[in-house]
Every structure is written in C-alpha cells, then in structure tokens.
Amino acid sequence: MNLEVNIGKLRLKNPVMTASGTFGYGEEFAEFIDLSRLGAVVVKGLSINAKEGNPPPRLVETASGMLNAIGLQNIGIERFIKEKLPFLKTYDTSVIVNFFGDSVEEYETAAAMLSSQEGIHGLEMNISCPNKQAGWCIFGTDPKVTFEVVSAVRKRTALPLIVKLSPNVTDISVMARAAVEAGADALSLINTITGMAIDIKTRRPRLGNVTGGLSGPAIKPVALRMVYEVYKAVKVPVIGMGGIMSADDAVEFMLAGASGIAVGTANFVNPLASIEILDGIIDYMEKQGIEAISSLTGTAHAG
Amino acid sequence: MNLEVNIGKLRLKNPVMTASGTFGYGEEFAEFIDLSRLGAVVVKGLSINAKEGNPPPRLVETASGMLNAIGLQNIGIERFIKEKLPFLKTYDTSVIVNFFGDSVEEYETAAAMLSSQEGIHGLEMNISCPNKQAGWCIFGTDPKVTFEVVSAVRKRTALPLIVKLSPNVTDISVMARAAVEAGADALSLINTITGMAIDIKTRRPRLGNVTGGLSGPAIKPVALRMVYEVYKAVKVPVIGMGGIMSADDAVEFMLAGASGIAVGTANFVNPLASIEILDGIIDYMEKQGIEAISSLTGTAHAG
Amino acid sequence: MNRYFRAEIRSNRPVHINHNLLSLANIDPMVEPQPGQFYMLEVSKGLDPLLKRAFSLFRRTQEGFQILYRIKGKGTSILKDLKKGTVLHVLGPLGNFYPLPSDSESPLVIAGGIGIASVFSLVEKLSKKAFVFYGARAEQELFMTDALESFHRELVLCTDDGSCGVKGTVVDVLTDFIKKRDEFHQPVIYACGPKAMLREIAKTALANGVKAYVSLEEHMACGIGACLGCVVKTTSGHQRVCKEGPVFDAREIVW
Amino acid sequence: MNRYFRAEIRSNRPVHINHNLLSLANIDPMVEPQPGQFYMLEVSKGLDPLLKRAFSLFRRTQEGFQILYRIKGKGTSILKDLKKGTVLHVLGPLGNFYPLPSDSESPLVIAGGIGIASVFSLVEKLSKKAFVFYGARAEQELFMTDALESFHRELVLCTDDGSCGVKGTVVDVLTDFIKKRDEFHQPVIYACGPKAMLREIAKTALANGVKAYVSLEEHMACGIGACLGCVVKTTSGHQRVCKEGPVFDAREIVW
Ligand SMILES: Cc1cc2nc3c(=O)[nH]c(=O)nc-3n(C[C@H](O)[C@H](O)[C@H](O)COP(=O)(O)OP(=O)(O)OC[C@H]3O[C@@H](n4cnc5c(N)ncnc54)[C@H](O)[C@@H]3O)c2cc1C
Ligand SMILES: Cc1cc2nc3c(=O)[nH]c(=O)nc-3n(C[C@H](O)[C@H](O)[C@H](O)COP(=O)(O)OP(=O)(O)OC[C@H]3O[C@@H](n4cnc5c(N)ncnc54)[C@H](O)[C@@H]3O)c2cc1C
Ligand SMILES: Cc1cc2nc3c(=O)[nH]c(=O)nc-3n(C[C@H](O)[C@H](O)[C@H](O)COP(=O)(O)O)c2cc1C
Ligand SMILES: Cc1cc2nc3c(=O)[nH]c(=O)nc-3n(C[C@H](O)[C@H](O)[C@H](O)COP(=O)(O)O)c2cc1C
Ligand code: FES
Ligand code: FES
C-alpha cells in the first residue's frame, strides 16, 4: 500500500497534515500522538514580528462549528526558529510553515527569513485570514492583488510554495488561477468563512473582534465544493480542508480533487484526530482494494 | 406590545415570515399551524412557466444543515394564481411571492404577471439561486447585472419589491447597494451557500445536480454576519434568514439589523417552528421589557 | 387529532443484528394510519442530526404503533440507544397507501429485506387469501416470520443462500409463479424492498400484464410535500415520494 | 499514563436545582490532578455540540474524580442526562494549579457560587488551618457545605439574602476580615467565582498588599494551548487560561 503524495516538489509520506492554527507549533500535541506519523505538520501562522492578536473573547461555538477571532497572534518568525523549530526537527515529518504579512514587503521578508532555515520543507502563504486588520485582507479576495503578492514571494523562496485561499469570494477558481499563474506550487483551501454571533442578553457581538472565522463540520459542504471547483480550474495539487472530522471526510476531499488533506478543528475535539484519520484512510484503502492513495484524487469528477 | 414591522411600504403584523421553498405554497402547513398568525407567507419561487427542476437525488443532510438541489421546480405563475392564491387569500396574512426568470425579460414578465393580482402583497425577487441553470445565476453575483435586472423589474411593479441576495459573493454590501440603487424596497438574505457532498462508496457526487445549496443552523453565523454588513451598507429594511431554528436565533438576526426574519429549514424539522418562534419572540419581549419589536433592529451595532 | 404529535417509547428492542423493533405510544391523539404510510421520527433534540427520519408504519397497536428499522447511519444509531420513556415528536401518518385489491384481484405481497416493514400491516389487513413472498440474504435476516405465519397467508420465504425456504430471490420466485398463473385470475402485486428488486419486479409485472404497486424511498426533508426534495421521475414528471407516494403504480415510474 | 483517557460515569446526581455532581472512574490510567486544574469533557458523540466542556477538578476519588457542574446551556443539559455506565473521552488534568502557601502564609479561600468546584479540593488539601469564605445568593445555592465542614477549616458562609450565615457578599466579608488582619501574619487569597467578584477581590487584595490567586474562565476550544482562543489580558500580554492559567496572580490580570 502506497500512502505517499506529492504536493508539488514536496513529497509527503501520507496525505494527512494539520491545519495551521489548530495544531499550535506541534509540541502541544506531541504528548498525545507521534508527530512522525503525520504527512506534515503545518504550524500556526507566523509574521516577521510577534503579534498580540485580537482582544478576547475569541471563540464562540456554533452549530457543528466554531467561530474564532484569534487575530493571528503568534510569537514571530525569529522566536519560532529559535524555540520551536529545533523540536520539530527531531521528528520524521515534513514541516510546513504558514506565514503572512501586512504588506507585500512583509510577505517577501517573511518568506526569505523562513527559506534560509534548514528543517522547513514548505511554506504556506496565508492570504485569506478573515480577521481584517490594516486592510491586508484584500490579498486573498482580489485576484490582481493575489497575483502581485504571490509573484513577489515566489521570487524570494525556492521552497515549495502553497497558497492558502479564502472561501469568502464569488469565484474561488479565479483566485486559484491567479495564485498558480503567479507561481504557486500548490493551493490549500479553505480557510475559515467569515461569520459572527450576537449575545441576545447583552445585545453585543460575542467576539471581541465582532466577526470571526467559521470552521468545523458546518463548513464541510462548502469546502468540498470549492476543492472540486479548484481541481477543475488548475493543474497544481490541492490540499483540502474544512470540517474534516473522520477518514470518510478526508476521502471525500480526495475524491473531490485534493492530493492531501489537513485536519483542523477536529484536533480540538479529539487530540488524536489526525492519527485516527490516517488509520481510517488506511482502513478504507484496504477495504476498497486501493493500492496508491494518490489514485483517489479527483475521481469524483470522472464520468 | 407592538409586533408590527415595516418592510418598505409593506406593513406586517409581526416579523416572522417563511423562507421561500421551505413552506411550499402555504397549504402544506395549514393543517399544522394557523397561517393567519404569520407576518407573511413567502411561497416557493415561481417562474412564468412550470419547471421540472433537477434530477434526483436532491437532498443530502450535512452536519447541522442540509444541501438541496431542487432546481427551482415550480408549477408556474398561472397555476399558482389559479390553484394556490385563492387558498392563501382566505388567511389574514401577507402573501409574498418569490419569483425568478432565466433572462431580464422573463423577470419583467413574471413581475408584471404577479403585480396584476389581488391578494399578493409583495414580491421577492430571487437573483441568488445557486442551482446554476442556463447561466442566469450571474444575476446575483455581479453588481452590474443585479442593477440591470432589478431596475427592469422595478419599472414593472408597484408592489413592494424585495431583492433576495446570494451569499456566494466576495462583498455582500456591494450587491446590496446595487439592488437598492436599482429600486429595491427591501433586501432579504441569505439564500443558500453553494456546497456539495460525495458518496465515498460510489465515489460520485451525492446530488443529481452535483452541487446544491447549504441551509440550516450550519450557515447561521455567516448569514448573521452578512445581515450585519448589509444593515451598515444600506438604508432599506432587511429580512434576515439562514439557520433560524429558535426565537433566540430570530432575535440575533434582528439585533444584527433585520427588520423581519424568515424561517426556512426549521419548517422541515418541526412544522410548528414558525409559530413557536413567534411565541418565543413575544416571550423574549416580555422578559426584556421590550415595547416595540422594531426597536430591536440593529441594536448590536450601537456603542 | 393531529399529524404532528408526541409519542413515548414503550420498547426498542433488537430483533436481529442491526435491526430493532420500536413500539411507540401516542401521547397526543393520532390519525389512523393505513398500510403503506410512513412517519417522520425525531431522532435527536440537537441540531445534528438535523432532519427527521422516515419509517414505514410496521404495525398499528392498541397504544400506538410500531416501527421496524435497520440501523444504518447516524440517525438510526442514535435511535437504537433511546430508552423506554423517551418522548419523540412524530409527523404522520404521511403519504398515500397500498390500494386494497378488488374482489376479483388476488394480492401478491413481495418483501425484500427491511421492505417487510412496509408491507407487514398490509398482509395483516388483506381479508382474502394473499400470497406473501419474503426474501433476504439468509435465514437470520428474515424477521417476524412467526408473526407473518400467524396470519395464515400463503407464505413463501426465500434466501439467497438457501438457508431458509426457497434458494433464490423473490424475483425468481415471482417469475415462476406468474408463469403458472391460471390458478390466479387477476394478480396484483404489492412490493417493497431494494430499488433494484423493485425494478425487476416492475419489469416482470409489465411483461406479464400484471398490476404492481411499489413502495419507494427517497431522502426526505419535510415529509409533507413542501420541499420538493423527495421526487422520483415518473411518466407524468417528478412526483413526490412523500405525497404522491410512497406507493406508486410500477408502470408510472421511469426506472 | 495519558492526559487523554476514557472515563465511565459512576453517578451523575443533582445536588441542587440545576447543579449536578458527576463521578467518573477512569478506564485508562490517568495523571494525578492538582487542586485548581481542570478537565475537558466530551458531552456528546455527535457533531453538535462540537467542543468539549471545561470543568474544574472538584475532588479526586479512589476510582477517579468528580466534577461539580451547573447546568448552563446546550452541553451541560446533555451532560446531566447521561447515565451511569456511559463512557466519555476526557482531556486532562489541564492548566496550572493553586500554588500552596508557604509556612508563613495563611490561606484564605474564597468561593462564589459554582466557584466552589475549583477550590474544594484545595480546601481539602491545605494542611494548615485555612479560612474559607463561601458565598451564594441564598442558602439552597450553597453546595456541599457538609463536606466542607467535615474538613474542620474555619468556614464562613455568606448569602446575599441572609438566609444562611452572614448576610452579604464574600467581598464584604473579606474586606472586614482584612481590616482586622493582625491576627494574621501573611494572608494569601485563593479565589474562584464570577468575574465581577474576582475583580473586587483583586482590588481589595491589592489595596491591602495581600497576595491573591484567582482562577479564571474563558471559552475554550483545545484546552492544551494550541488554539490561542482562551486568552486573557495580563500585564505581560495575552496569556492562555488553559495553559498559563486558569490560576493567575491577581496583580497580573488587566481587569
Ligand atoms: C417512505 C420511507 C419509508 C421508510 N421505511 C423504513 C422502515 O420502515 N425501516 C427502515 O429501516 N428504514 C426505512 N426507510 C429508510 C430510512 O428512512 C433510512 O434508513 C434512515 O433515514 C437512515 O437514517 P440514518 O441517519 O441512520 O442514515 P444516514 O445515512 O446517516 O442518513 C443520512 C441522511 O440520509 C437519509 N437517508 C439515508 N438512507 C435513506 C433511505 N434509504 N431512505 C430515505 N432517506 C435515507 C436520512 O434520513 C438522513 O437524512 C424508509 C424510507 C422512506 C423514504
Ligand atoms: C477552566 C474552567 C473550569 C471550569 N470549571 C467549571 C466547573 O467546575 N463547574 C461548572 O459548572 N462550570 C465550570 N466551568 C464553566 C463551564 O465550562 C461552562 O459552564 C460550560 O462549558 C457551559 O457549557 P454549556 O454547553 O452548558 O453552555 P453553552 O452556553 O451552551 O456553551 C456554549 C459554548 O460556550 C462555552 N462556555 C459557556 N460558558 C462558559 C464558561 N463559563 N467558561 C468557559 N466556556 C464557557 C462552552 O464550553 C461552549 O463551547 C469552567 C470553565 C473553565 C474555563
Ligand atoms: C483557532 C483557529 C486558528 C487558525 N489560525 C490560522 C492561521 O494562523 N493561519 C491560517 O492560514 N489558517 C488558520 N486557521 C484556519 C485553519 O487552518 C483551517 O483552514 C480552517 O479552520 C478550516 O478547517 P477546519 O474546519 O478543519 O478547522 C485557523 C483556524 C482555527 C479554527
Ligand atoms: C429545499 C429548499 C428550497 C428552496 N427554494 C428556494 C426558492 O425557490 N427561492 C428562494 O429564493 N430561496 C429558496 N430557498 C432558500 C431559502 O428560502 C433560504 O434562503 C435558505 O434556506 C436559508 O434559510 P434556512 O437556513 O433557514 O433554510 C430554498 C431552501 C431550501 C432548503
Ligand atoms: S420530503 Fe419534502 S416534498 Fe417530500
Ligand atoms: S483553549 Fe486552546 S489555547 Fe486555551
């Protein structure tokens, strides 16, 4: 049985990754699962400088989902490299670093800083965070701006470059094509869908930031549709995510067109989720007599 | 206690309506609830000629939601007027007719046909159905086209004109402004979010139409956020919907900016839902000492 | 008298691996059901699973009614764990029902697997001597045969593996049966089971000029004709399984 | 030895209107908890509610541990109906714990309402004579007072309506108490309760130069420091209640 998948130039031992922001810097989960079993660890989004993020409250549970407005709190690239990366290097897994910036220059600098590091196997560029700050959100919703910022970053890194798309757009395939034309090696989707919740007693928004990003099983049908559309629109590999809670969900994303998948909110519900999903995929392959997992990708499009 | 709300020129006895397509032509629910208690009955979307809709399967349940790909099956405006409207007229409620067309001309003709009928109190123009057929779906995702079709319809009807917005857009407030500039008296939102599901045994999409519209509690946070945004963007009344299952949900939409609300998928889960929500709103008003329900609208924006 | 009512679970016991018999007692007055009709049952008070589940009337009882169900997915897995005393909201009886045979017609009831749930009360009700063909994969998957036998109809059991009754499918048996049909003046078929089985039965019936009623399934949201989600293709366009069905004249279905 | 383990419900009984005591027995080996730590409990196997719920260690037992909880919303309403024998996935013990007093310090434990759940096992553990102030709205809302009394600490009960003990809030009592504090060399406060109460306690403590530890609550997704969802504002930036907390030095919180 062959579990390997290729995400552009990046070869992963299996298709199961962790979704950025739901797995900390990896170490938080090391006591529960063997990180070496994962296809890749994708860490919390980093910026050049540390960020405090949004004021609390930052979380609201919703029907089969949750809203978060973390606001990209992170320790900054330097501390990550010093304090977190050495730990991750001790595991036999690929390390993908999610990053963002407030300007094209910041994106370029961040990419360059990360690309000079040994032990980082790929970059995931977040152009899609719905926690609007300093107007940078537009990177992920206007194809021209997407093209510009991805092109700029492409020139600064030789690492496999994954661009993470926002679902908060009219036509995700337009965004996908813009990113690919600008040099993305792969695309990951979806990031959270912007939502909100109001407390009817206080009559105020529940989140400190008013709006937040919806994740979890509630959004799975939307995520799956977008992966299906993007698979049709571009030739590069797609990493699918959005509400994956089980191996069945993961397989659905692969059938829709994903080459790899990422487990997000499920990590909160069950710290073993990523590994249980991997085991479930293996089980599905055995039962269905599937030799290579990569043969599943996009088969729902046939016929 | 004053439950009345104004949707443009249309005065409703209370804010509770039924969402188009989830309440049939009203008669299906008449054995369960007293239709006269509703603020308005909004009927299934009509076109000039009857439509067969999409091939089955048309429904998939998802986490706290459902996908539908009905494909706008309906009996056509003439049969509606002959067979269904007389029944609705026997109730003391407002009748709002949801309609659509495959072209600007069809929209115009449909609006004119409906506007000559006594017993119809308002029109809801569906420009937002995600069940793509004949390319007409673009009416709801391109502000220029929205402006054009709404302007055309506006000239053909003196009835209160509600334009129903699609959530499948980058910026809902742009769409809202286009509809209002073209003459909409009110806006309703959200229609369903496009999604899909795949059967991992057959490896085929579960819906006959491949994609469908996601509704139910899963989408509530997104719907609420869009109502909040649209309330800020335009001056006309907003009818909020998307996952309203309880009076608390309904109140949340009003706080976000809705003048009226519509109960959709909840009607399937519980045929008494609309009336129970109305009763729950009355209860909330009593407990919170609220004199006029209309005073709630938009109060989450304050401060 | 209302088609939306509360019912209390009186018992909910396994009749076989993955199959349960649920006995409900109505708390509110209920409308009298007919064989072939169905109910939509609330399986959880939460938002997931969201929709009610459709189950045929298995049998009317003094205190209410029974449902025979297969544990299939999320909803039925929750249902199987519900205990005596639990109160559920129920919608029904819904849909049309099996039209009873005229005096000159001989009823021929065919059930495949869990399809027995839909025709059981029909067999019970049929006043004249009815033939009942009931098939499953193996003996253990034939349920409630004692009860069926107690009705004293002509009962033919079939299993794919021959572990009980005739070895073969009900369709094989039906085909044989129809061939020697002079003993029969005017057979009329009532069938419920997997779609593939029903399609074959329809074919056989049509080929032999025999009237056949089939009970169909489609995913449902409302159960009362409002959502248009449960349609099947018929010769006169899309028809709702929950309203024009679940029982259809086999000739009208575009298979 | 694992912080993600299965536990079986041994009992789940009301101790008052809307408050239950849940006794769990660990099936897998569990890590020894400390007073002030908490657990994330699975309340449903379905997808709604989705997240686990946070509850303080109430008391360590021989077979596992206990949770004292208030039935608040969706999750706890489901939890209260779970029966003996139900197996839950549990994450914990999580977070930091109450730092025990030094020999020269006199512990002063303050609980408001359900806040008793967090400090109960601390009271049990404190070797030296501790003062315990426990307040609620009315007598019926003071739980487990018998058990508290059995520890033979100095127990001061307060109720808003005076139906039991001192009439007034624990903050009033604390203020009085601190004024006459020469009988006390070095008090150290441990407090859990509504945020407004903790803020007042912090104010009083600061004003009187008394050390105070408060246990805070925030909505949580992961419970293990990964999501950054549960932060509170502190003098050294955002700190995670699930990791750096739930127990904080009152001086460090930006109230
Ligand atoms: C008119 C009618 C009568 C029925 N009578 C019986 C009966 O007497 N006994 C019995 O065991 N089953 C019966 N079924 C099938 C029963 O409704 C499904 O097995 C059940 O809904 C499965 O629910 P689940 O949550 O366990 O499965 P899941 O697969 O988790 O359900 C997911 C969704 O698909 C729907 N669904 C799945 N399978 C079916 C199906 N075959 N038909 C309709 N909807 C489905 C569910 O209702 C739910 O909305 C009947 C179906 C219909 C339409
Ligand atoms: C560290 C910690 C220890 C706690 N210890 C206890 C305890 O021992 N006994 C007790 O009764 N309660 C305790 N709580 C509060 C308890 O977590 C909430 O009452 C519970 O989560 C409510 O869940 P629900 O589904 O019933 O309410 P809902 O309001 O329906 O919950 C909706 C969402 O909000 C979250 N939430 C709601 N209220 C709180 C809250 N006060 N704190 C954190 N999250 C909340 C829920 O976890 C859920 O995600 C503790 C909270 C924390 C953070
Ligand atoms: C608490 C939280 C924090 C997140 N932080 C980031 C982030 O820093 N960068 C990013 O690209 N995506 C972030 N995401 C989005 C996830 O990586 C993922 O795209 C999204 O949650 C959908 O997947 P899921 O439904 O499986 O969680 C975050 C999501 C959550 C829930
Ligand atoms: C089965 C079904 C059919 C629908 N048909 C229509 C329609 O004909 N016209 C329309 O404007 N919206 C239609 N809708 C959208 C609803 O009116 C509503 O906007 C949407 O379902 C969100 O609300 P809910 O989550 O409360 O269901 C339909 C929705 C469902 C579930
Ligand atoms: S289930 Fe809604 S029309 Fe049949
Ligand atoms: S709950 Fe996730 S960091 Fe605290």
Side-chain angles (χ1 to χ4, degrees), chain B residues 18-33 43-45 50-75 197 206-208 212 215-218 220 243 245-246 249 264-273 275, chain C residues 1-6 28 31 40-54 72-76 78 88-95 195 216-243 245 253-255:
Chain B
T18 59
S20 176
T22 68
F23 207 68
Y25 301 109
E27 61 188 15
E28 293 85 348
F29 285 82
E31 98 182 68
F32 301 105
I33 60 174
V43 300
K44 173 72 186 161
K51 279 204 182 276
E52 267 292 280
N54 288 328
R58 289 179 169 185
L59 294 179
V60 180
E61 195 187 49
T62 66
S64 295
M66 58 175 276
L67 287 165
N68 88 79
I70 309 301
L72 295 174
Q73 176 177 338
N74 77 91
I75 58 172
R206 283 186 188 269
L207 291 170
S215 66
K220 196 190 85 175
M245 299 299 286
S246 67
D249 293 340
T265 300
N267 293 309
F268 305 153
V269 176
N270 169 8
L272 316 184
I275 296 301
Chain C
M1 205 83 129
N2 200 314
R3 294 204 297 164
Y4 189 60
F5 61 101
R6 288 164 306 159
D28 308 309
V31 174
M40 299 285 288
L41 253 71
E42 176 184 42
V43 291
S44 114
K45 307 277 169 193
L47 299 175
D48 182 70
L50 184 65
L51 302 172
K52 290 188 159 59
R53 267 54 183 161
K72 193 199 167 222
K74 195 144 125 167
T76 47
I78 294 174
L88 302 178
H89 282 92
V90 182
L91 190 60
L94 302 170
K195 189 135 186 193
L216 300 183
E217 286 183 4
E218 266 300 332
H219 286 214
M220 293 184 174
C222 71
I224 56 171
C227 73
L228 307 180
C230 65
V231 300
V232 286
K233 214 171 167 176
T234 74
T235 51
S236 49
H238 285 137
Q239 302 269 320
R240 296 165 293 186
V241 170
C242 74
K243 192 90 177 181
I253 301 299
V254 180
W255 290 97

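Note that this is a predicted model, so its numbers are computed, not measured. In what follows, chains carry the letters A, B, and so on, assigned in the order in which the sequence lines appear, proteins first and then strands, with residues in each chain numbered from 1.
In this structure, the side chains of C/Lys52 and C/Leu41 stay at 4.5 Å or more apart for every pair of heavy atoms. Under the 4.5 Å side-chain criterion, counting only non-hydrogen atoms from C-beta, B/Asn270 is in contact with C/Tyr4.
At least one donor-acceptor pair under 3.5 Å links the side chain of B/Glu61 to the backbone N or O of C/Leu51.
The residue among B/Gly216, B/Pro56, B/Ala266 with the most heavy atom pairs within less than 4.5 Å of chain C is B/Pro56. Looking only at heavy-atom pairs under 4.5 Å with chain B, the residue among C/Ala226, C/Pro49, C/Cys230 that has the most is C/Ala226.
With respect to C/Lys233 and B/Glu52, no salt bridge is recorded, no charged nitrogen being found less than 4.0 Å from a carboxylate O.
For C/His238, the parts lying near chain B are the backbone and the side chain together; criterion is any non-hydrogen pair under 4.5 Å. B/Thr265 touches chain C through its side chain: at least one heavy atom from C-beta onward sits under 4.5 Å away, while N, CA, C and O do not. Neither the backbone nor the side chain of C/Met40 comes within less than 4.5 Å of any heavy atom in chain B.
Between B/Phe29 and B/Phe23, the angle of the ring planes stays under 30°, which puts this pair in the parallel group of the 30/60° scheme.
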